[in-house]
Amino acid sequence: MTLPDTPATPRLSDIAAQAQVSEATVSRVLNGRAGVAARTRQRVLAALDVLGYERPVRLRRRSAGLVGLVIPELTNPIFPAFAQIIEQSLAGHGYTPVLCTQMPGGATEDELVEQLEERGVTGIVFLSGLHADSRADPARYARLASRGVPFVLINGYHPGIDAPFVSPDDAAAARMAVRHLAELGHERIGLAVGPARYVPSRRKAEGFAAALEESFGLSRGQAERRVRHTLFSVEGGHAAATALLDDQGCTGIVCGSDLMALGAVRAARQRGLEVPGALSVVGFDDSQLIAFTDPPLTTVRQPVQAMATAAVGALIEEIHDRARGRHTAPRHTEFVFQPELVVRGSTGPVRG
């Protein structure tokens, strides 16, 4: 099957419909005229891109600078989701994003930062990097700041790093997941989460323990026996769920990521257990395809759009302050965003 060619000359009506603006507004943007809000102008340009039209030369803006985005591997769909919104937001501010992905056997975070500095980046966004690892040396970020490179850190707070942080409320996420399962009648609830050295894992475990105490009066020691620290992966979720089923007889499992939750579902099915009939599973992230799994996954949604936008906004403010000579020290601030429970088909009332 062949697809029709896209017309070489943009049709105002098509662009206006895609951007949800008037044809007159599209005409003003295409002709470079004043009187159009920056956000509206960006919508028109995005419509051109979506429809496959090449932007007129006069509309091609000169980049305000390069901004590095250092993220973990892309196999977990939550990381590409963050990357896409961060890149869109940076582009809206006139900056060109440079994506740097870590992978086993590849460049380390320090090596990627060195390469970005060699290219003269204006700033760096770190997503789930070494700042989230309580065993990592935070001095690397102090050295980066001393070299005059602004940066912002997402998912993982460290009190020894002077920089803006953006995080979801991991403890609240675990509490709302436990409360949801408790309302369905579950009492034997476990937590499958990543390695304890990572700040998000530790915060989720703290919220989980607090929720078990509030709902069932369990002590911290009793709650800790229901926590399994493993890898943030399908295989990690499978291993943790197997242990929680064997050792604790859990009927509900809260997971530290959607991939771990899918592993927990797989572990249950290998035992002949129905989900949610015999085991209810709650994930975390709510990446794009999770609503279409079998069963559709109940999860705690990470507010990716708000977090990514806030991170870029904080970085741009740091960059502008430095450019104006106002910047004396990085802002040590953590912006914490509330997650949202999304109930779907992987949780149900406890049996018996």
Side-chain angles (χ1 to χ4, degrees), residues 1-69 71 74 77-101 121-123 125 127 152 154 166 168 285-292 301-320 323 335 337-340 342:
M1 181 179 72
T2 59
L3 296 175
D5 293 334
T6 301
T9 303
R11 288 198 292 250
L12 294 184
S13 59
D14 294 341
I15 301 169
Q18 179 67 34
Q20 297 183 340
V21 298
S22 68
E23 292 184 29
T25 298
V26 173
S27 178
R28 284 196 293 272
V29 173
L30 295 182
N31 288 290
R33 295 173 185 163
V36 181
R39 185 169 296 180
T40 302
R41 181 181 183 278
Q42 192 65 30
R43 283 167 56 188
V44 173
L45 295 180
L48 278 172
D49 298 339
V50 169
L51 295 173
Y53 292 122
E54 187 175 353
R55 294 186 187 183
V57 175
R58 60 179 170 273
L59 297 182
R60 297 175 190 170
R61 294 179 300 177
R62 179 175 295 181
S63 175
L66 303 177
V67 172
L69 171 56
I71 69 172
L74 295 174
I78 197 62
F79 295 135
F82 265 108
Q84 181 176 2
I85 297 171
I86 290 170
E87 291 181 345
Q88 288 174 346
S89 185
L90 286 169
H93 287 281
Y95 290 89
T96 302
V98 180
L99 180 63
C100 297
T101 306
V121 293
T122 308
V125 178
L127 172 60
V152 63
I154 304 175
V166 175
D285 284 334
D286 196 32
S287 43
Q288 193 169 13
L289 297 178
I290 289 303
F292 305 100
R301 176 178 295 157
Q302 192 169 179
V304 175
Q305 178 82 42
M307 290 173 60
T309 303
V312 171
L315 181 65
I316 298 302
E317 186 176 355
E318 294 280 325
I319 292 171
H320 288 175
F335 303 96
F337 290 79
Q338 287 302 305
E340 175 189 359
V342 182

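The model shown is predicted, which means the values in this text are computed figures rather than measured ones.
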Working to the nearest 0.5 Å, report the span between [atom1] of [X] and [atom2] of [Y].
X: I316; Y: H93; atom1: CD1; atom2: NE2; answer: 5.5 Å
X: R33; Y: S27; atom1: CZ; atom2: OG; answer: 5.0 Å
X: L51; Y: D14; atom1: CG; atom2: CG; answer: 6.5 Å
X: T25; Y: L12; atom1: OG1; atom2: CG; answer: 11.0 Å
X: F335; Y: M307; atom1: CZ; atom2: CE; answer: 12.0 Å
X: Q84; Y: Q305; atom1: CD; atom2: CD; answer: 9.5 Å

Subject >> Verdict with supporting geometry, D285 and I290, side chain to side chain contact (heavy atoms under 4.5 Å, CB included) >> reply: CA-CA 9 Å; D285 284 334; I290 289 303; over 6 Å; no

Are the side chains of [Y] and [X] in contact, using a 4.5 Å heavy-atom criterion?
X: E87; Y: L99; value: yes
X: I86; Y: I154; value: yes
X: V44; Y: R41; value: no
X: E340; Y: P303; value: no
X: V304; Y: I85; value: yes
X: V312; Y: Y95; value: no
X: I15; Y: L30; value: yes

**OP:** Without swapping roles, check the side chain of R43 against the backbone of A19 for a donor-acceptor pair under 3.5 Å.
**Re:**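 Yes.
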
Original post:
Taking it one step at a time, do I71 and F82 satisfy side chain to side chain contact (heavy atoms under 4.5 Å, CB included)?
Top reply: CA-CA 9 Å; I71 69 172; F82 265 108; over 6 Å; no

Subject >> Q288 atom CD, neighbour heavy-atom count above 12 within 6.0 Å >> reply: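 At most 12 heavy atoms, drawn from other residues, nucleotides or ligands, come within 6.0 Å of this atom.
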
Original post:
Can you tell me if CD on Q20 sees more than 12 non-hydrogen neighbours from other groups inside 6.0 Å?
Top reply: no

